[in-house]
Each structure stands twice: as structure tokens, then as C-alpha cells.
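What you see below is based on every heavy atom in this structure, not just the backbone, and it leaves out hydrogens, waters and symmetry mates.
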Amino acid sequence: MTFLSILCALLIEQMKPLRADNPIYAEIKSLAVRMEAWFNAGDAKHGRMGWFLMILALVLPTALIYWVLVRYDLFLAAFAWNVLIVYLTLGFRHYSHYFTSIQLALNAGDEGAARALLAEWTKVDTVGMEAGEISRLAVEKALITTHRNVFGVFFWFLMPLGPAGAVLYRVSEYLARAWNEPEHMRNEAFGEFATRAFYWIDWIPVRLTAVAFAVVGNFEDAIYAWRNFAHRWTDEARGIILAAGGGAMGVRLGTPDESAARVLPADAAVVDSSEMESEALPGEEPGVRALQSTVGLVWRALLLWMMLLLLLSGAVWLG
């Protein structure tokens with residue numbers, strides 16, 4: 001059921017992608033805003049209380065519905081519930097149109113359009129960016145987004161929690177952003193627990209994604225970059241994904257110099273420039289071709305996950 005649920009959700013999303021501004025997401029965002037307004041009294045413990053209540057409010061109903069359907073042998077309904085939850089949490093094509101449009105604009109030599117699309121996607125100032133920097137930021141954003149919207153969801157859906165695990169992952173990822181990234185929330189103690197909770201929830205998935213990138217790409221360079229450079233990013237998870245992903249494609253990701261530190265406050269791969277002096281990141285500077293390489297890397301990694309899941313499902317069924 002697990003393999004078929006993911007496969008069906010992927011096929012449905014390819015035919016009818018879920019809009020990022022859909023009503024369900026809007027309600028979750030509204031609930032997060034209300035939780036912050038109710039509980040934020042400037043203390044980390046209030047953020048912890050709000051986080052648990054938010055998670056329980058969304059995860060428990062998901063788990064309860066699935067348990068009832070399985071308990072009463074309503075397997076077709078349970079399968080449909082799985083497909084629905086994966087479809088709602090997957091997000092494989094939520095933002096792919098930005099990446100594709102940026103790639104088409106750069107191929108056509110229209111850097112102005114590419115900068116406008118990148119600014120709309122990442123919410124950062126792209127004025128004056130050249131094709132190389134646009135390509136690098138688009139690749140970085142695509143790798144991070146794919147991990148959080150696809151592979152992280154896969155991992156938690158495969159856990160005993162099933163669809164509730166997928167909801168847990170996506171909601172915790174959203175809260176880590178919503179309670180830390182907005183201007184009025186930065187340096188607030190309220191969002192500290194949300195960040196720490198997502199770090200541990202994402203600890204295994206982020207490493208599995210890096211392994212998948214290494215397996216389907218240049219394995220030696222990916223592992224080398226992961227082991228020697230991932231720790232130099234200010235955010236460990238992003239460092240692992242971008243070091244392994246860049247190594248797998250043979251491109252240099254990250255922002256080793258201060259002039260590039262204007263990029264994504266949340267998704268930027270800022271590397272400590274003092275450490276970069278002794279040894280440079282491997283690979284070449286990303287260009288327009290790196291965008292196509294990213295598409296290939298992501299699809300190969302996705303096929304690897306699906307093949308492994310199929311083998312696992314077959315072994316369980318035969319057992």
C-alpha cells in the first residue's frame with residue numbers, strides 16, 4: 001500500500017499540481033499565526049507549548065482516521081486516505097514552474113526575466129545578478145526544496161506513523177520557517193524550539209537524501225564534499241544537502257565570499273570564508289547547464305527511492 005500510495009500521489013501531482021496557495025495550506029498558516037499570537041510571551045517554553053499543540057492538532061486526527069479505516073478493514077478507504085495525505089504533503093511540483101521558467105529564460109539569454117523569477121521565488125534582491133549567480137541560487141533553492149517537499153516526506157511516510165508521519169514532517173518544517181524567518185520573529189525565543197525540533201526530525205532524512213544524490217551522481221566527489229565541506233555551512237542540514245548535491249553534479253555551491261551573502265536568509269548556503277581560504281570547494285562554478293544537471297539529479301534520486309521502496313514492499317509481501 002505504501003509504494004502504491006506514493007506512486008499514485010506522484011502521478012496525480014504530475015497531472016494536477018497542488019497550488020502553494022491552496023485553502024488547506026492557508027488554514028494551516030492561519031492556525032500557526034493564531035498559535036503564535038496566543039502563546040508568544042517572549043519565552044522559549046511558550047514556543048514549545050505552541051509547537052506541541054499545533055502538531056497534535058494536525059497529526060492526531062490524521063493518525064486517528066487512518067487507524068479507524070485499517071481497524072475496520074476499510075483498506076480501499078485507507079489507501080485513498082494515504083494518497084490524499086501524500087498528495088497534500090509532497091509538493092514535488094509546488095515550485096518547479098519557477099525553476100523551469102528560470103532555466104528557459106537563461107537559455108534564451110533573458111537574464112532580466114530570470115532575475116525577476118528568482119526574486120519572486122526566493123523573496124530576495126536579485127538586482128545586478130549575473131547568469132552564474134542566478135543559476136547557483138536556483139540550483140541551491142531547488143535542492144533544498146526538493147529534499148523538504150519530497151524526500152523528507154517519503155522518509156516519514158515510511159515510518160510506522162504512516163500518513164501522520166508525513167504531516168508531522170511538513171508541519172514541523174513549516175513552523176521552523178514561520179516562527180523564525182519573518183522580520184518580526186527573528187531573534188525571538190518563541191521559535192527556538194521549532195528550529196530544534198525540526199533539526200532532529202530532519203536529521204536522518206537529510207543524510208539519506210545526501211546519500212541518494214551521491215549514489216545517482218558522482219559518488220566520490222559527493223562524499224568528499226560532504227565529509228570535508230558540509231560543516232562549513234552555517235546550517236548543517238543545508239550544508240550536507242548542498243555539499244553532496246554539488247559534489248554529485250561537479251559544481252560549486254555555497255557563498256564563500258561576503259559579497260554573495262545577500263542571498264536567501266533561510267535557504268542560503270553561507271560558508272565561513274575564513275575556512276575557505278585553505279581549501280576551495282570542489283567542482284566548477286555553476287552555469288546554465290547546472291540547471292539541467294539538477295533536474296537529472298533529482299529525478300534519478302527519486303527513481304532510486306521508488307526502486308528501493310518497491311523492493312522493500314515486495315520483500316514484505318513475499319514474507
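- Using a 4.5 Å heavy-atom threshold, the side chains of Arg136 and Leu253 count as touching.
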Arg177 and Arg148: CA distance, side-chain angles, deciding distance, side chain to side chain contact (heavy atoms under 4.5 Å, CB included) verdict:
CA-CA 12 Å; Arg177 289 186 289 111; Arg148 292 181 173 177; 4.2 Å; yes

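- Between Tyr224 and Asn228, some side-chain heavy-atom pair lies under the 4.5 Å cut-off.
- Ring to ring, Tyr66 and Trp81 are not that close: their centroids are 6.0 angstrom or more apart.
- Applying the ring-ring contact (aromatic ring centres under 6.0 Å, His included) criterion to Phe157, with sequence neighbours excluded, gives no partner residue.
- If you chain together hydrophobic residues whose side chains sit under 4.5 Å apart, Leu303 and Val298 never meet in one group.
- The NE2 atom of His147 lies 8.5 Å from the CZ atom of Phe213; values are rounded to the nearest 0.5 Å.
- Here the side chains of Leu106 and Ser135 are in contact, with some heavy-atom distance below 4.5 Å.
- In this structure, CG on Asp110 lies 12.0 Å from CD1 on Ile102, to the nearest 0.5 angstrom.
- The one candidate from Phe198, Trp203, Phe155 that meets the ring pair (Phe, Tyr, Trp, His ring centres under 6.0 Å) condition with Tyr169 is Phe198.
- Trp305 and Phe151 have parallel rings, their planes meeting at less than 30° on a 0 to 90° scale where 60° marks the start of perpendicular.
- In this structure, Val139 and Ala290 approach most closely via the heavy-atom pair CG2-O, 3.9 Å.
- By the ring-ring contact (aromatic ring centres under 6.0 Å, His included) test, Trp226 is found to be paired with no residue, residues two or more places apart in sequence or in another chain being considered.
- Within 6.0 Å of CD on Glu285 lie more than 12 heavy atoms contributed by other residues, nucleotides or ligands.
- Judged purely by atom type and a 3.5 angstrom limit, Asn180 uses its side chain to pair as donor or acceptor with the backbone of Gly191.
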Criterion side chain to side chain contact (heavy atoms under 4.5 Å, CB included) on Val295 and Gln103, from CA distance to verdict
CA-CA 10 Å; Val295 174; Gln103 183 179 0; 4.3 Å; yes

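- In plain terms, the two heavy atoms of Ala32 and Trp179 that are nearest each other are O-NE1, 3.4 Å.
- When all heavy atoms are compared, the tightest approach of Ala9 to Val86 is CB-CG1, 3.5 Å.
- Contact between Ala214 and Ile223 at its shortest, heavy atoms only, is CB-CD1, 4.0 Å.
- Annotation: side chain of Arg19 is not in contact with side chain of Tyr25 (no heavy-atom distance under 4.5 Å).
- Salt bridge status for Glu133 with Arg115: absent, with no side-chain N to carboxylate O gap under 4.0 Å.
- Annotation: the span from Leu58 atom CG to Arg170 atom CZ amounts to 12.5 Å, rounded to 0.5 Å.
- In this structure, Phe193 and Phe52 have tilted ring planes: the angle between them lies in the 30° to 60° band.
- Atom CG of Asn107 is separated from atom CG of Leu291 by 7.5 Å, given to the nearest 0.5 angstrom.
- For the pair Leu10 and Met306, the minimum side-chain heavy-atom distance is below 4.5 Å.
- If you chain together hydrophobic residues whose side chains sit under 4.5 Å apart, Trp200 and Leu158 fall into the same group.
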Would Leu143 and Leu297 satisfy side chain to side chain contact (heavy atoms under 4.5 Å, CB included), going step by step from the backbone distance to the final call?
CA-CA 9 Å; Leu143 291 179; Leu297 181 74; 4.2 Å; yes

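- Heavy-atom contacts from other residues, nucleotides or ligands closer than 6.0 Å to CG of Leu56 number more than 12.
- Residues Tyr87 and Leu4 share a single hydrophobic cluster, defined by chaining ILVMFWY side chains whose heavy atoms lie under 4.5 Å apart.
- Leu84 and Ile24 fall within a single hydrophobic cluster, where Ile, Leu, Val, Met, Phe, Trp and Tyr are joined by side-chain heavy atoms under 4.5 Å apart, directly or via other members.
- Note that CG of Leu137 is 9.0 Å distant from OG1 of Thr126, once rounded to the nearest 0.5 Å.
- Between Leu302 and Phe154, some side-chain heavy-atom pair lies under the 4.5 Å cut-off.
- You'll find the side chain of Ile28 reaches within 4.5 Å of the side chain of Met54, heavy atoms only.
- The cluster map of Ile, Leu, Val, Met, Phe, Trp and Tyr, joined by side-chain heavy atoms under 4.5 Å apart, puts Ile204 and Met159 in the same cluster.
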Any chance you could lay out the side chain to side chain contact (heavy atoms under 4.5 Å, CB included) test for Thr89 and Trp156, step after step, and finish with the verdict?
CA-CA 11 Å; Thr89 56; Trp156 278 98; over 6 Å; no

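- Looking only at side-chain heavy atoms (C-beta outward), Glu236 and Tyr199 come within less than 4.5 Å of each other.
- Minimum heavy-atom separation, Ala105 to Ala113: CB-CB, 4.1 Å.
- Contact detail for Arg34 and Ser30: the closest heavy-atom pair is NH1-OG, 2.7 Å.
- One distance of note links CZ of Phe3 with CG of Leu309; it measures 6.5 Å at 0.5 Å rounding.
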